[in-house]
2 protein chains.
Amino acid sequence: MAVTLADVAARAGVSSATVSRVLNGNYPVAGSTRERVQRAVEELDYVVNGQARALAAATSDLVGVLVNDVADPFFGLIASALQSEIGAGGSGPAGGKLAVVCNTGGSPEAELTYLTLLERQRAAGVVLTGGAVEDEAHTAAVTARLARLAASGTAVVLCGRPPLTFPDESPGVTTVAFDNRGGARRLTEHLLSLGHRKIGCVTGPLERSTTRHRLEGHRAALAAYGLGPRTAAGADGTAGGDASRLTVHGGYDRASGYDAALELLRREPDVTAIVAANDTVALGVCAALRDRGLNIPGDISVAGFDDLPFSVDASPALTTVRIPLQEAGARAGRLVMGRQSSPPGGVATIATELMVRASTAPPKTRS
Amino acid sequence: MAVTLADVAARAGVSSATVSRVLNGNYPVAGSTRERVQRAVEELDYVVNGQARALAAATSDLVGVLVNDVADPFFGLIASALQSEIGAGGSGPAGGKLAVVCNTGGSPEAELTYLTLLERQRAAGVVLTGGAVEDEAHTAAVTARLARLAASGTAVVLCGRPPLTFPDESPGVTTVAFDNRGGARRLTEHLLSLGHRKIGCVTGPLERSTTRHRLEGHRAALAAYGLGPRTAAGADGTAGGDASRLTVHGGYDRASGYDAALELLRREPDVTAIVAANDTVALGVCAALRDRGLNIPGDISVAGFDDLPFSVDASPALTTVRIPLQEAGARAGRLVMGRQSSPPGGVATIATELMVRASTAPPKTRS
DNA sequence: CTGTTAGCGCCTTCAC
DNA sequence: GTGAAGGCGCTAACAG
């Protein structure tokens with residue numbers, strides 16, 4: 001079948017150990033011998049067997065990357081930057097790993113299943129991206145799994161999800177977190193400062209950390225303006241500011257945005273602005289508003305989140321909160337490769353930036 | 001360190017061979033023994049060593065996916081569908097492979113490098129996506145490499161690139177091709193039928209097969225309308241239809257579209273329509289036209305290609321050619337897994353569909 | 001500097 | 001049905 005180390009050794013007239021040394025280059029070998037070996041390798045078109053090497057050396061060339069869906073630009077950008085970062089570099093020890101991309105679809109079970117598959121492969125590292133599902137049992141399961149991976153030498157990095165707390169001392173799991181809360185707060189403050197008071201909120205799935213953080217930021221901004229949610233008792237829903245009535249939950253997809261916008265208009269026709277769960281959802285919101293004959297931002301302002309590439313080309317260009325996803329992905333890549341030291345406390349928080357564009361404007365003055 | 005088969009065997013009071021048989025389930029084992037083994041596995045939190053298994057059984061759980069860039073929705077959609085297809089299914093033999101995503105950035109060298117890395121890993125399959133670089137030496141190198149991979153049992157699938165011709169009998173390399181030529185032709189015919197005669201063409205990188213095919217389709221449509229490129233001799237550039245002057249090459253990115261549109265307007269201010277290399281480029285074209293104060297489609301019509309998700313939300317909604325990328329990716333996944341038989345001739349051509357939306361309209365009548 | 005010798009952890013004929 | 005033994009291809013001590 002395939003040519004092996006022994007074949008090369010035979011052809012070069014040396015022992016297989018010598019060939020191994022030449023290949024790995026981390027051991028002194030005489031120049032003439034080295035050349036002979038290299039020639040034999042070329043002539044035989046020899047390609048090392050990574051699995052055998054991995055088994056013998058107890059190393060791995062694989063790094064797992066868990067994403068909800070690579071087709072979603074949010075994850076695509078992270079995965080791309082990450083892959084480029086770990087794939088580059090020499091074919092030596094700390095360079096040239098392969099990225100194993102796993103679509104979990106946001107399913108906790110899939111997450112655990114892939115974690116098992118990666119553990120099977122004795123992956124050199126694992127990166128979990130995107131918001132976490134905030135279910136106690138699942139969090140515990142993931143924590144335990146990651147602790148085990150880390151303990152067995154797998155580098156574990158969290159990117160875009162909140163840090164995990166481990167029972168024992170931190171097993172070296174590092175986190176690249178996004179400042180979703182701060183970004184959301186600044187975004188809502190921007191709308192408030194424009195004069196909006198009835199701000200609809202189309203959020204993501206209830207159980208995800210990203211959803212919660214963005215919602216918290218939004219509410220914090222409202223509260224600072226005295227528009228916090230009132231206690232349910234005695235609330236009659238007359239005055240503006242009823243946070244729960246102005247909040248609609250949905251998925252992180254365009255269709256959810258479309259539906260949620262219609263629902264919002266039904267509940268509160270006077271809404272003057274809508275903050276969406278992310279840019280994709282915002283596009284759905286915009287489409288719904290247009291279909292209703294509403295002008296953006298003339299009649300209603302709309303804002304997204306993430307600043308995905310298409311946002312600037314949307315109609316109108318979307319006001320949003322920028323997350324430097326490629327930087328984050330690259331950083332996660334460096335961390336998982338051990339090319340960059342872990343930040344103090346094991347958590348690096350990536351700042352987010354408000355991008356004011358054409359989809360937000362002061363509310364229409366009442367006619 | 002990690003718990004091994006032997007540990008499980010010891011705990012269950014059986015031989016390691018028996019444990020192996022229980023795990024793989026492809027051999028008769030007594031019910032009681034099986035239960036004992038399974039309990040031991042659970043109690044010890046045993047996870048098979050994929051590398052050792054791969055080495056011993058000469059199998060692999062890895063499928064390589066070469067893309068230009070996963071962050072590009074075109075590739076992201078293919079990769080996503082592919083991953084979901086191969087990742088699903090039981091953890092048995094023909095189910096549950098891991099997708100190794102490799103960003104080549106369109107570089108021939110990177111392509112070969114990753115092919116080597118995947119060969120190292122003895123990948124179960126390899127899928128090359130997107131247009132090929134049409135360089136003779138490189139094509140030969142890739143062909144040789146793929147022939148070797150295929151010969152050694154690796155399933156090789158081409159997705160979105162033209163079929164390769166192998167010196168010997170076809171080594172079972174199957175191709176999922178896109179009808180770029182037909183799609184481009186119908187798109188340009190659409191513009192011609194609207195009355196356009198000076199149609200600018202912003203194409204992709206010269207050396208890529210996708211670029212060539214789309215350009216061929218475009219030119220075929222023009223030729224059918226008697227607007228083919230005139231022979232250089234005696235051409236004075238007066239009449240419309242000078243294909244080369246109306247064609248600008250660039251990359252497959254937004255910035256290229258922006259620049260190319262400006263260049264096109266410089267060369268030929270009377271252009272009434274522009275077909276772009278793909279949707280991303282089209283967005284750049286639209287941005288440039290807007291910045292020039294031109295209305296789309298009032299002053300100039302613009303069309304894209306691929307029908308990426310954001311195209312429908314562009315301003316105005318983009319007329320484009322739809323390629324069912326997820327279907328293609330899923331099919332490539334099934335083919336590489338051997339779950340679907342190869343099409344006759346080894347080539348399946350995916351049809352493309354013209355999507356007429358708001359960015360194209362009849363040309364403005366001369367004032 | 002180079003060859004020899006053991007395994008890495010698992011699968012897979014063979015016997016029983 | 002189950003155990004014993006050999007080997008997958010390579011690396012890593014250990015001698016020399």
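None of the values given here were measured: they were computed from a predicted structure. In what follows, chains carry the letters A, B, and so on, assigned in the order in which the sequence lines appear, proteins first and then strands, with residues in each chain numbered from 1.
- Residues passing the side chain to side chain donor-acceptor pair (under 3.5 Å) test with A:Q326, sequence neighbours excluded: none.
- Distance, A:N24 CG to D:dA12 P: 7 Å, rounded to whole Å.
- In this structure, CZ of B:R34 is placed 9 Å from P of D:dT2, rounded to the nearest angstrom.
- Within 4.0 Å (heavy atoms only), A:L55 reaches at least one base atom of the nucleic acid.
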Give me, pair by pair, the N or O atoms of the protein and of nucleotides 14-16 of chain D that are less than 3.5 Å apart, along with how far apart they are.
none

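- Under the salt bridge (charged side-chain N to carboxylate O under 4.0 Å, His left out) criterion, A:R122 pairs with no residue, sequence neighbours left out.
- Distance from the side chain of B:P28 is smallest to D:dG1 among D:dT11, D:dG1, C:dC10.
- Scored by the side-chain contact (heavy atoms from CB on, under 4.5 Å) test, B:D7 finds B:V3, B:T4, B:L44 as partners (sequence neighbours excluded).
- Summarising the geometry, the separation between CD on B:Q51 and P on C:dC10 is reported as 11 Å, rounded to the nearest angstrom.
- For C:dG3, the OP1/OP2 oxygens have a side-chain nitrogen or oxygen of A:T18 closer than 4.0 Å.
- The nucleotide whose nearest atom lies closest to any side-chain atom of B:V48 is, among D:dT11, C:dC10, D:dG3, C:dC10.
- By the side-chain contact (heavy atoms from CB on, under 4.5 Å) test, A:Q38 is found to be paired with A:V22, A:R34, residues two or more places apart in sequence or in another chain being considered.
- Across all strands, A:T33 comes closer than 4.0 Å only to sugar-phosphate atoms, never to a base (heavy-atom distances).
- Each of D:dG9, D:dT11, D:dC8 was ranked by its minimum atom distance to the side chain of A:S16; first place goes to D:dT11.
- As rounded to whole Å, 13 Å separates atom P of C:dC10 from atom CD of A:Q121.
- We find that CD of A:E35 is positioned 12 Å from P of C:dT2, with the value rounded to whole Å.
- Side-chain atoms of A:T59 never come within 3.5 Å of backbone atoms of A:A54 as a donor-acceptor pair (strictly under, hydrogens ignored).
- A heavy atom closer than 4.0 Å to some atom of DNA chain C occurs in no member of residues 37-45 of chain A.
- Within the structure, the salt bridge (Lys or Arg N to Asp or Glu O under 4.0 Å) test picks out the following pairs touching residues 124-138 of chain B (sequence neighbours left out): B:E134-B:R212.
- Pairs engaging residues 24-33 of chain A under the side chain to side chain donor-acceptor pair (under 3.5 Å) rule: A:S20-A:N24, A:N24-A:R53 [sequence neighbours left out].
- For the pair B:Q83 (side chain) and A:N103 (backbone), a donor-acceptor distance under 3.5 Å is present.
- In this structure, A:L5 places its CG atom 13 Å from P of D:dC8, rounding to the nearest Å.
- At the phosphate of D:dT11, OP1 or OP2 sits under 4.0 Å from a side-chain N or O atom of A:S20.
- Of all nucleotides listed (C:dC10, D:dT2, C:dC1), C:dC1 comes nearest to the side chain of A:A30.
- With hydrogens and angles ignored, the 3.5 Å screen pairs no side-chain donor or acceptor of A:Q51 with any backbone N or O of B:A52.
- Relative to the side chain of A:A56, the nucleotides D:dT11, C:dT4, C:dG9 differ in distance, and D:dT11 lies closest.
- Rounded to a whole Å, the CZ atom of B:R53 is 14 Å from the C1' atom of C:dT12.
- A close approach under 4.0 Å does not occur between any side-chain nitrogen or oxygen of B:N49 and OP1 or OP2 of C:dC8.
- For A:R36 and C:dC1, the CZ to C1' distance is 12 Å, given to the nearest whole Å.
- Residue B:T4 places none of its side-chain N or O atoms closer than 4.0 Å to OP1 or OP2 of C:dG9.
- Over its length, the helix from C:dC1-D:dG16 to C:dC16-D:dG1 turns its helix axis by 30°, as judged from the five terminal pairs at each end, rounded to 10°.
- By the side-chain contact (heavy atoms from CB on, under 4.5 Å) test, A:A17 pairs with A:S15, A:R21, sequence neighbours left out.
- For B:A79, the side-chain contact (heavy atoms from CB on, under 4.5 Å) partners are B:V70, not counting sequence neighbours.
- Within the structure, every pair that satisfies the salt bridge (Lys or Arg N to Asp or Glu O under 4.0 Å) test and touches residues 140-166 of chain B, not counting sequence neighbours, is listed here: A:D45-B:R148, B:E111-B:R161, B:E119-B:R145, B:E119-B:R148.
- Across all strands shown, B:A57 has heavy atoms under 4.0 Å from sugar-phosphate atoms exclusively, and none from any base.
- Between the CD atom in B:Q340 and the CZ atom in B:R331 there is a gap of 5.0 Å [rounded to 0.5 Å].
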